[in-house]
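Down below is the structure, laid out as structure tokens.
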There are 2 protein chains.
Amino acid sequence: MQQDVLRSELRRRKQRMTAQRELVLKAFADTDAEHLSSEEVYRKVLEKRLRISKATVFRTVELLAEVGILRKIVFRDGIVRYELVEDTENEEQQIICNQCGKAFDFSLDKINDLLKSAEEKTGFKIEEVQIKFYGLCPECQERLERIRKATNSAHI
Amino acid sequence: MQQDVLRSELRRRKQRMTAQRELVLKAFADTDAEHLSSEEVYRKVLEKRLRISKATVFRTVELLAEVGILRKIVFRDGIVRYELVEDTENEEQQIICNQCGKAFDFSLDKINDLLKSAEEKTGFKIEEVQIKFYGLCPECQERLERIRKATNSAHI
DNA sequence: ATAACTGCAAATCATTTGCAGATTC
DNA sequence: GAATCTGCAAATGATTTGCAGTTAT
């Protein structure tokens, strides 16, 4: 698992494995949440009655991102969150409901064609692709339809 | 132009057109930069020897985004920047250099196919597509290559 | 006239930093 | 034992807020 990846990366960098670094990594391994902010990691560690400081969480999470174990994402609310890289391998594509906010991962073939043609057009060497579709999920489409029927009269 | 859009939107909302709101809008209209942070808008107004407070810039820029004149973007450095919506209409596709941060708009055909196939797969009704490619722009590729050659000896 | 807006300064909130003491290799 | 960590508390920097005075309608 990532423990070992971390250990060997740390050795390469002449850095050390510590209890706190394990705790932060474990927080990500143990949670169902897709992403965690530093604040959330901090709380998860405290919940287990283990000690860590916020500053250390910030430093550790940043380290794990440098090492490639976590991916750093700046969310629309401006808060930085992290996710385990392996969890989302090849799932950079998300479809998000504008109504209920639920996000679903899904994968599309054809992405590679797209990437190639973008590289040709721009001369870039592409390292990461992010595709987000925003729209209405099936449930919200139905719900909104029902509401529209019910409120039919009171509209402009 | 956007002046009029703003005026009528404000009327609808029972809000007022003010000198400061014009100034902020003008800052976006007059600049070559693709995006401006509140701080940058603030400076641009001051440069013209006109008075505005930072708080007002923050409030105004947020208002313009609500109204749909500006698009709010949270950058990787955590700073919120805004861009004129019309500038990027139909150009949701951006390619961004991980090194120098320059972003380029460009368009790809094939997007519609992609969209269709995503709708079929998920049952969503898609309203917006955002595609971001991250990588190295041609200049940075060159520069990095040059640096690598120059520093060849001192490496692991 | 009066509701909406602005400027100011103080407050907030996430994140960063300096440093002294604790820990890992 | 020495370099690397951690915790703490103070600093920072972007953004927000309360409020008294100003301005647009």
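This is a predicted model, so every value here is computed, not measured.
Between the CZ atom of R43(B) and the P atom of dG13(D) there is a distance of 12 Å, rounded to whole Å. Rounded to whole Å, the distance from CG on L6(B) to C1' on dA24(D) is 14 Å. Atom CZ in R81(B) sits about 12 Å away from atom C1' in dA14(D), given to the nearest Å. Per the geometry, CD belonging to E22(A) stands 15 Å off C1' belonging to dT6(D), to the nearest Å. At whole-Å resolution of the value, OH in Y42(A) and P in dT6(D) are 15 Å apart. Atom CD in Q20(B) sits about 14 Å away from atom C1' in dG21(D), given to the nearest Å. A straight line from CZ of R21(B) to P of dT23(D) spans 15 Å, rounded to a whole angstrom. For F58(A) and dA10(D), the CZ to C1' distance is 15 Å, given to the nearest whole Å.
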Please determine whether salt bridge (Lys or Arg N to Asp or Glu O under 4.0 Å) holds for the pair E34(B) and R81(B), giving the CA-CA distance in whole Å, both sets of side-chain angles, and the decisive distance to 0.1 Å. CA-CA 9 Å; E34(B) 306 181 54; R81(B) 277 169 250 259; over 6 Å; no

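A salt bridge is absent between E83(B) and K72(B): the closest approach of a Lys/Arg side-chain nitrogen to an acidic carboxylate oxygen does not fall below 4.0 angstrom. For K44(B) and E40(B), the salt-bridge test fails: no basic side-chain N is under 4.0 Å from an acidic carboxylate O. E47(A) and R43(A) are not joined by a salt bridge, as no carboxylate oxygen comes within less than 4.0 angstrom of a charged side-chain nitrogen.
Residue K54(B) is out of contact with every strand shown, counting any heavy-atom pair closer than 4.0 Å.
Put simply, the side chain of L10(A) reaches to within 4.5 Å of the side chain of L63(A), judged on heavy atoms.
At dT6(D), none of the side-chain N or O atoms of S53(A) fall inside 4.0 Å of OP1 or OP2 (strictly under the cut-off).
Positionally, the nearest nucleotide of DNA chain D for L10(A) lies more toward the 5' end than for the other of L10(A) and M17(B). Remark on DNA chain D: of its neighbouring residues A55(B) and T18(B), the 5'-side contact belongs to A55(B), judged by nearest-heavy-atom nucleotide. The residue among R59(B) and R13(B) whose nearest nucleotide of DNA chain C is located toward the 5' end is R13(B).
On the nucleic acid side, DNA chain C contacts chain B at distances under 4.0 Å to non-hydrogen atoms, with the end points of that region at dA3(C) to dC8(C).
Separation of atoms CD (E119(A)) and NZ (K125(A)) is listed at 7.5 Å; rounding is to 0.5 Å.
Under a hydrophobic clustering in which Ile, Leu, Val, Met, Phe, Trp and Tyr are joined whenever their side-chain heavy atoms come within less than 4.5 Å, directly or via other members, I69(A) and M17(A) fall into the same cluster.
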